Participant: 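Please read through the structure below; I'll follow up with questions.
In this text, all values refer to a predicted model and were calculated from it rather than measured experimentally.
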Amino acid sequence: MKITGAEGLIKSLICEGVDTVFGYPGGQIIAVYDKLYDYQNEINHILVRHEQGAIHAAQGYARSSGKTGVVIVTSGPGATNVVTGLGDALMDSTPLVVITGQVSTAFLGTDAFQETDVVAVTQQLTKWAVQIRRPEDIPGAVARAFYIASSGRPGPVVLDIAKDAQFGLTEWSHEQCRFIRSYNPTPEIPEEDINEIAGILNNAERPLILAGHGITIANAEHSLLEVAEKGNIPVATTLLGRANLPFSHPLHKGMLGMHGNIGPNIATNKADVILALGMRFDDRITGDVSKYAPQAKIIHVDIDPSELNKIVRASKSVHGDAGKLLASILPLMQYRDRKEWLALFDKCDTTEISEVISHELHPDKEEMNMGEVIDVVSEMAPADTICVTDVGQNQMFAARYFRCRSPRSFISSGGLGTMGFGLPAAIGAKIGAEKRPVVLFVGDGGLQMTIQELGTIMTYNVDVKIVLLNNSFLGNVRQWQELFFNARFSQTQMHNPDFVRLASAYGIAGEDVTDRSMLSDAVKRMFEHDGAYLMNVRVDAKDMIFPMIPAGGVVDRILLNPTTKFSI
């Protein structure tokens, strides 16, 4: 019995294990939505308020659940509205299958109503983008899309389906894809490399592990912990790797990079061996590459061969899965004391606590700081809470002061730095991990970029706790303006609405927190409330995120405040 291509698409999604999709209907995808009506018991569709909200929600879903996120939108503006999310997902290795409608094949190239060359627009922002013009090609394309999106270094795939392919009839069958010729997403790591790496680490005096997002993707958090403990090796994480080790573990030495902890940045330029796992050595990590890790033998392990030796020249490059590498070297690891090496981090921590953290968490002023707010929220949050951030100062403060205690508990826009990511990503994260609490830290600028998704929260009763760090400024840009542009605050001050009343219009409870004495009780009410909650916290507009390595600076020359530098 023949079925339409649209129905075949839905049935193929079900065969791939899809239970949730995020989307927005329109004329060139209406046939798919019509058939989706018949499969409501198998697939939960989340109707967002904007297509950008759909793709960021799918990212949050993928990052919290470990599954592939799915988006369905129409052609033209529906398709172009997901482009930012595609770029974000590609840079942050998030598996997505994005399905776009397209005009009928007879109208392709005629500038028909809402026609856009989606494949041309998205090819540079995806692992694979293809246009489907025949109904019989849909199942194979879907199978291939899910395999490509989720294997190797994950990323987004676009299926652009012509309208006549959706309406056309075909005999349907679906077989999952497990192999594509010339595509080897999970190469084997040679045994000699495993033995060599273990030997280098065992003989190192000052080893340091840099753990990136690839550890999370590989579900290798436990293997990382075992290797670190067996070798007594300190671990630093990238921004997206914040949840790779429990916050309180003694070998977890904090975050790398521009606003990272002092210890890891100082240690980078003193280490004799660096094992970099599933991370890109982006500019926010390295600063001045010519002066990065001058004493270290760098071992770089990444599933994406294009990242190897792209920015930092490694002494040894390994194309492979970071989790498999860790599991393989674990039996070979040997414990070493390394008291002097670990004492360096303690020395740096002492300075950071006295010169930065104590002033941030216990400010001697009336206005609240972002760090102290996040610290209180973190202290009261359940242990399995997922922290989602937007982009800006709220993001950096959350990365520094929210204490991640379980895997997949930190979700943020890393590579692209997309303001507006936070709210829809938090919605998707909660839907992807419905039994875990989700708290969003967001600034007043970023919230207003996708604020319409409060309507999605209202419709589906998504229990997201929103901590709005409201300083009436685009805080991160303001900080740069003050430090590097003579305090010329050009177009960074915000004139904001009454956010609590606005949330109330969507049926979302909330309150204003204007004084430090109100904070703890407000946080308690937020977590005890059954349902979404918005806590609008007035924070100091002049608050700055430190430590800071200025862009292009050297990683061991660190600003503790606007006038004080630290270096060992």
Side-chain angles (χ1 to χ4, degrees), residues 6 9-10 13 18 20-34 36 43-63 68-92 94-103 112-126 129 131 145 149 155-163 166 390-391 413 416 418-429 431-432 446-460 462:
L9 172 66
I10 302 302
L13 292 177
V18 174
T20 302
V21 300
F22 302 86
Y24 205 95
Q28 307 302 345
I29 199 70
I30 196 168
V32 171
Y33 272 86
D34 179 66
L36 190 62
I43 293 183
N44 178 33
H45 181 279
I46 304 298
L47 176 64
V48 295
R49 298 303 182 265
H50 189 281
E51 290 91 351
Q52 184 175 351
I55 194 164
H56 290 328
Q59 288 176 271
Y61 173 90
R63 299 265 289 274
T68 298
V70 180
V71 177
I72 303 177
V73 296
T74 194
S75 64
T80 58
N81 280 344
V82 302
V83 166
T84 296
L86 290 173
D88 197 288
L90 185 69
M91 290 194 75
D92 286 353
T94 304
L96 299 179
V97 172
V98 178
I99 297 160
T100 63
Q102 185 54 274
V103 300
F113 178 66
Q114 292 192 334
E115 181 192 2
T116 300
D117 190 343
V118 173
V119 172
V121 169
T122 63
Q123 271 184 329
Q124 299 303 311
L125 299 173
T126 57
Q131 188 175 89
V157 168
V158 167
L159 301 179
D160 186 48
I161 307 179
K163 194 170 185 177
Q166 300 171 40
D390 203 77
V391 168
S413 170
L416 202 62
T418 304
M419 287 182 67
F421 171 88
L423 182 60
I427 293 169
I431 292 171
L447 179 63
Q448 291 181 88
M449 286 192 170
T450 49
I451 199 167
Q452 72 281 346
E453 299 309 328
L454 292 176
T456 306
I457 290 177
M458 174 184 68
T459 300
Y460 298 98
V462 186

Participant: Test side-chain contact (heavy atoms from CB on, under 4.5 Å) on Leu423 and Leu454 and set out the steps.
Facilitator: CA-CA 8 Å; Leu423 182 60; Leu454 292 176; 4.1 Å; yes
Participant: Looking only at heavy atoms, which two atoms of Pro424 and Thr450 are closest? And how far apart?
Facilitator: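 Result for this residue pair: CD-OG1, 3.4 Å.
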Participant: Is the shortest side-chain heavy-atom distance between Arg49 and Thr459 below 4.5 Å?
Facilitator: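 Yes - at least one pair of side-chain heavy atoms lies under 4.5 Å apart.
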Participant: So Phe22 and Ile431, side-chain contact (heavy atoms from CB on, under 4.5 Å) or not? Walk me through it.
Facilitator: CA-CA 11 Å; Phe22 302 86; Ile431 292 171; 3.9 Å; yes
Participant: Can you tell if the side chain of Thr126 reaches within under 4.5 Å of the side chain of Val157, non-hydrogen atoms only?
Facilitator: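 Sidechains of Val157 and Thr126: no contact.
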Participant: What's the separation between atom OG1 in Thr122 and atom CG in Asp160, rounded to the nearest 0.5 Å?
Facilitator: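 Going from OG1 on Thr122 over to CG on Asp160, the span is 7.5 Å.
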Participant: For a quick check under 3.5 Å, do Gln52 and Asn81 share a side-chain donor-acceptor pair by atom type?
Facilitator: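 No, Asn81 and Gln52 have no side-chain donor paired with an acceptor closer than 3.5 Å.
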Participant: Does Leu36 reach the side chain of Ile43, with side-chain heavy atoms less than 4.5 Å apart?
Facilitator: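 Yes. Closest side-chain heavy atoms under 4.5 Å.
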Participant: Could you check whether any side-chain heavy atom of Leu86 comes within less than 4.5 Å of a side-chain heavy atom of Leu90, counting everything from C-beta outward?
Facilitator: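 A side-chain contact is absent here, since even the closest heavy-atom pair is not under 4.5 Å.
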Participant: Report yes or no: do Glu453 and Thr456 form a side-chain donor-acceptor pair below 3.5 Å?
Facilitator: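 Short answer, yes.
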Participant: Determine, stepwise, if the pair Thr100 / Val73 fulfils side-chain contact (heavy atoms from CB on, under 4.5 Å).
Facilitator: CA-CA 5 Å; Thr100 63; Val73 296; 3.8 Å; yes
Participant: Which pair of heavy atoms, one from Asp88 and one from Ser413, lies closest together, and at what distance?
Facilitator: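 Taking every non-hydrogen atom into account, OD2-OG, 2.5 Å.
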Participant: Compare every heavy atom of Leu47 with every heavy atom of Tyr24, then report the nearest pair and how far apart it is.
Facilitator: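 Closest pair (atom of Tyr24, atom of Leu47, distance): CD1-CD1, 4.0 Å.
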Participant: Looking at CD1 of Ile457 and CD1 of Ile427, how far apart are the two atoms once the value is rounded to the nearest 0.5 Å?
Facilitator: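 Taking CD1 in Ile457 and CD1 in Ile427, the distance rounds to 4.0 Å.
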Participant: So which atom in Ala112 and which in Val103 form the shortest heavy-atom distance, rounded to 0.1 Å?
Facilitator: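 Of all heavy-atom pairs spanning Ala112 and Val103, the closest is CB-CG1, 4.2 Å.
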Participant: For Ile30, is the CD1 atom crowded, meaning more than 12 foreign heavy atoms sit under 6.0 Å from it?
Facilitator: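 No, because the 6.0 Å sphere around CD1 of Ile30 holds 12 heavy atoms or fewer from other groups.
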Participant: One pair to check against side-chain contact (heavy atoms from CB on, under 4.5 Å): Leu447 and Asp390. What are the steps and the verdict?
Facilitator: CA-CA 8 Å; Leu447 179 63; Asp390 203 77; over 6 Å; no
Participant: For Ala31 versus Ala6, what's the shortest heavy-atom pair and its separation?
Facilitator: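 Scanning both residues, the minimum pair turns out to be O-CB, 3.5 Å.
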Participant: Atom CD1 in Ile29, atom CD1 in Ile99: separation rounded to 0.5 Å?
Facilitator: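 Result: 7.0 Å between the selected atoms.
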Participant: From Leu125 CG over to Met91 CE, what is the distance, rounded to the nearest 0.5 angstrom?
Facilitator: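 Leu125 CG to Met91 CE: 10.5 Å, rounded to 0.5 Å.
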Participant: Leu96 and Ala89: which non-hydrogen atoms are nearest, and at how many Å?
Facilitator: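 Closest approach of Leu96 to Ala89, heavy atoms only: CD1-CB, 3.6 Å.
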Participant: Would you give the length of the straight line joining atom CG of Asp92 to atom CD of Gln59, rounded to the nearest 0.5 angstrom?
Facilitator: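 These two atoms lie 7.5 Å from each other.
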Participant: Rounded to the nearest 0.5 Å, how far does CD1 of Ile10 lie from OH of Tyr33?
Facilitator: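 So the gap between those two atoms works out to 9.0 Å.
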Participant: So, does Ser75 use its side chain to make a donor-acceptor pair with the main chain of Glu115 at under 3.5 Å?
Facilitator: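 No, Ser75 side chain to Glu115 backbone: no donor-acceptor pair under 3.5 Å.
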Participant: Does some side-chain heavy atom of Gln28 sit less than 4.5 Å from a side-chain heavy atom of Ile161?
Facilitator: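 Answer no - side chains too far apart.
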